[in-house]
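Okay, so here's the structure we're looking at.
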Amino acid sequence: MGIQINGKGLLIVLSGPSGAGKGTVCSALRQQAPELVYSVSATTRPPREGEVEGISYFFKTRKEFRRMIDQGELLEWARYVDNYYGTPRRFVEERLNEGKDVLLEIEVQGAKQVKECFPEAVFIFLLPPSMDELHARIKGRGTESEQVMTDRMQAAREELNQIHSYDYVVVNDEVARACHHIRSILVAEHHRRDRIFKEQPDWLEGI
Ligand code: 5GP
């Protein structure tokens, strides 16, 4: 009898303060790990330049977002700096059932909700190389007003306080290295004994 060790798809949650470089790391991962499925979130935030509907986000009005919440269409959702963000449930559940690994790039309040309904998910926190660098990256983005940048810096501090709820920490000092570390975590997680065999496997009997 063959021994199979590739079980169900993993749900991976990647969080980290604004400015840690989650977006850049996710874009690099999309190139390097096409087998990973990326969940596209719904948001009430207006699109930034270059963002594409259905690829960057599903851009919604507050009314549409409220309807999604009321109909139970979101796996998790949160308010972040004056806008709402949420993960469409059906897409994620269908891909996991197909055995695919699904990555959610979400903030900490949403991650907490995911932990309640998917305790077996893998929680990874991405850190910038330093707080100075974080500050420079938030300021340097330049796509938002002074007030939004101040709010994002405050949100970043609050997010950093939640780091203890995560399983892994990756420092984004270099994008390629951060991607490599994330992929290594996923390989290790796929090989966890408790994901492969919950109990003593049948084929061990009679040996
Ligand atoms: P941004 O406006 O910079 O694209 O995203 C702001 C924050 O919202 C980031 O921390 C991002 O990870 C988070 N975010 C994006 N999509 C979701 C989502 O579906 N749910 C939650 N809870 N956070 C999200």
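Since the structure is predicted, the reported quantities are computational estimates derived from the model, not experimental observations. Atoms within a ligand are numbered from 1 in the order they appear, just like the ligands themselves.
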TODO: Would you mind telling me if ligand 1 is within reach of the side chain of Glu51, the backbone, both or neither, using heavy atoms under 4.0 Å?
DONE: neither
TODO: Output the list of atoms in ligand 1 that are nearer than 4.0 Å to some heavy atom of Ala78, sorted by atom number.
DONE: 22 (N)
Open item on the list: For Gln109, which part has a heavy atom under 4.0 Å from ligand 1: side chain, backbone, both, or neither?
Closed with: neither
Open item on the list: Looking only at distances, can you tell me whether any N or O atom of Glu105, backbone or side chain, sits closer than 3.5 Å to an N or O atom of ligand 1?
Closed with: yes
Open item on the list: Checking one residue: Leu74. Which other hydrophobic residues are in its cluster under the side-chain 4.5 Å linking rule?
Closed with: Phe65, Met68, Ile69, Trp77, Tyr84
Task: ligand 1 versus Gln113: contacting region, heavy-atom distance under 4.0 Å - done: neither
Open item on the list: Donor-acceptor pair, distance only, cut-off 3.5 Å: does the side chain of Ser15 make one with the backbone of Ile106?
Closed with: yes
Task: Atom indices of ligand 1, in the order listed, that fall short of 4.0 Å to a heavy atom of Ser41 - done: 16 (N), 17 (C), 18 (C), 19 (O)
Open item on the list: Within ligand 1, which atoms have a heavy atom of Gly110 less than 4.0 Å away?
Closed with: 22 (N)
TODO: Please check if the side chain of Asn172 supplies one atom and the backbone of Ala20 the other of a donor-acceptor pair under 3.5 Å.
DONE: yes
Task: Within-cut-off N or O pair, Tyr57 and ligand 1, under 3.5 Å - done: yes
Task: Check: Ala42 N/O within less than 3.5 Å of ligand 1 N/O - done: no
Open item on the list: Would you say Tyr85 and Glu76 are linked by a side-chain donor-acceptor pair, where the criterion is simply a distance under 3.5 Å?
Closed with: no
TODO: For Arg45, take its heavy atoms, then give the atoms of ligand 1 lying under 4.0 Å from any of them.
DONE: 1 (P), 2 (O), 4 (O)
TODO: Give the single entry among Phe58, Tyr85, Tyr84 that approaches atom 8 (O) of ligand 1 most closely by any heavy atom.
DONE: Tyr85
TODO: Any atoms of ligand 1 less than 4.0 Å from a non-hydrogen atom of Gly86? List them with their elements.
DONE: 18 (C), 19 (O), 20 (N)
Task: Modelled atom types, side-chain donor and acceptor of Gln154 and Glu158, under 3.5 Å - done: yes
Open item on the list: Can you confirm whether the side chains of Asp151 and Gln147 place a donor and an acceptor under 3.5 Å from each other?
Closed with: yes
TODO: State which residues pass side-chain hydrogen bond (donor to acceptor under 3.5 Å, both in side chains) with Glu105; sequence neighbours excluded, sorted by chain then number.
DONE: none
Task: N or O contact, Tyr80 vs ligand 1, cut-off under 3.5 Å - done: no
Open item on the list: Using modelled atom types and a 3.5 Å cut-off, is there a donor and acceptor pairing between side-chain atoms of Glu64 and backbone atoms of Thr61?
Closed with: yes
Task: Contacting atoms of ligand 1, where contact means under 4.0 angstrom from a heavy atom of Arg48 - done: 1 (P), 2 (O), 3 (O), 4 (O)
Task: Under 3.5 Å: donor-acceptor pair, side chain of Glu51, backbone of Arg48 - done: yes
